[in-house]
Q: 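Quick one: the structure is below, and I'll ask about it shortly.
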Amino acid sequence: MKKRIVSKNVMRSDRLPPGQKWIKAPVVYDIVDEVPDWDMSSYRFRVWGEVKKPLEFSYEELLSLESVELVADFHCVTRWSVREVVWEGVQTRYLLELAGLKEGARFVLVHCLEGYTASMPVEFLLEEDSILAYKMFGKTLPKRHGYPLRLVVPSLYAWKSAKYVWGIEVLREYVPGFWELRGYHPVGDPWREERFWGG
Ligand SMILES: Nc1nc2c(c(=O)[nH]1)N[C@H]1C(S)=C(S)[C@@H](COP(=O)(O)O)O[C@H]1N2
Ligand SMILES: [Mo]
């Protein structure tokens with residue numbers, strides 16, 4: 001039986017973060033008009049940087065790793081939230097354990113196939129309910145929601161849940177990603193309304 005995880009945030013009494021409202025389904029957001037198609041025969045997912053053992057997996061290899069089903073709410077900084085999205089994939093803490101974090105590992109920069117990046121403290125990828133998802137509601141991740149692989153971090157705003165992921169770079173120091181460079185918060189905790197940085 002596959003392990004089923006219900007995000008701890010679903011059980012909070014303040015489940016809906018301040019300044020958010022519930023909507024029915026996630027709105028698709030992309031920094032490009034058209035996301036290109038990837039050559040899956042050469043696709044590789046990588047973990048590198050401040051790790052003892054860099055990782056590299058083909059899509060098929062990723063699918064064969066120990067996986068979990070995750071139920072989590074999804075909170076976009078533009079003030080909409082969606083209840084109980086069902087994902088399936090590999091826990092990021094499992095991958096980071098395989099890679100072995102070095103002493104100084106503090107941040108990650110997540111790299112996406114169309115050039116998007118997202119930055120966050122590495123500890124958020126060690127949470128039980130953070131996964132690299134390849135299924136959504138029981139089906140292969142639709143392209144618009146991030147095929148082949150997307151990060152899901154239920155404790156942070158959805159701009160950190162990077163789509164079309166090909167790599168996780170583990171860093172000693174903070175390197176801002178796409179939205180962080182444009183004023184968004186290095187962390188982005190929805191319950192603390194960490195939307196913008198310094199304003
Ligand atoms: N690669 C990539 N990931 C991304 C984005 C993006 O533009 N490119 N947008 C982010 C934002 S702002 C949000 S709210 C969510 C939206 O997820 P969805 O498009 O699956 O609804 O994806 C996040 N991940
Ligand atoms: Mo967003």
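Atoms within each ligand, like the ligands themselves, are counted from 1 in listed order. Index from 1, following the sequence.
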Q: Can you spot which of L109, V187, V110 makes a side chain to side chain contact (heavy atoms under 4.5 Å, CB included) with M120?
A: V110
Q: Any protein N or O within less than 3.5 Å of an N or O in ligand 1? List each pair with its distance, or say none.
A:
residue: ligand 1; atom: 1 (N); partner: E114; partner atom: OE1; Å: 3.3
residue: ligand 1; atom: 1 (N); partner: E114; partner atom: OE2; Å: 2.9
residue: ligand 1; atom: 1 (N); partner: K163; partner atom: O; Å: 3.0
residue: ligand 1; atom: 3 (N); partner: K163; partner atom: N; Å: 2.9
residue: ligand 1; atom: 7 (O); partner: I31; partner atom: N; Å: 3.0
residue: ligand 1; atom: 8 (N); partner: E114; partner atom: OE2; Å: 2.9
residue: ligand 1; atom: 9 (N); partner: Y29; partner atom: O; Å: 3.4
residue: ligand 1; atom: 17 (O); partner: R150; partner atom: NH2; Å: 3.2
residue: ligand 1; atom: 19 (O); partner: Y29; partner atom: N; Å: 3.1
residue: ligand 1; atom: 19 (O); partner: K163; partner atom: NZ; Å: 2.5
residue: ligand 1; atom: 20 (O); partner: H145; partner atom: ND1; Å: 2.6
residue: ligand 1; atom: 20 (O); partner: R150; partner atom: NH1; Å: 2.6
residue: ligand 1; atom: 21 (O); partner: V27; partner atom: O; Å: 2.7
residue: ligand 1; atom: 22 (O); partner: R150; partner atom: NH2; Å: 3.3
residue: ligand 1; atom: 24 (N); partner: S161; partner atom: O; Å: 3.1

Q: With rounding to the nearest 0.5 angstrom, report the CH2 to OH distance, W159 to Y29.
A: 13.0 Å
Q: Heavy atoms, side chains only, cut-off 4.5 Å: are V165 and H111 in contact?
A: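 Sidechains of H111 and V165: no contact.
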Q: Drop me the distance from E61's CD to F45's CZ, to the nearest 0.5 angstrom.
A: 12.0 Å
Q: Can you tell me how far the NE2 atom of H185 sits from the CD atom of E180, to the nearest 0.5 Å?
A: 10.5 Å
Q: Are the aromatic rings of Y147 and Y59 close, with centres under 6.0 Å apart?
A: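 Centroid separation for Y147 and Y59: below 6.0 Å.
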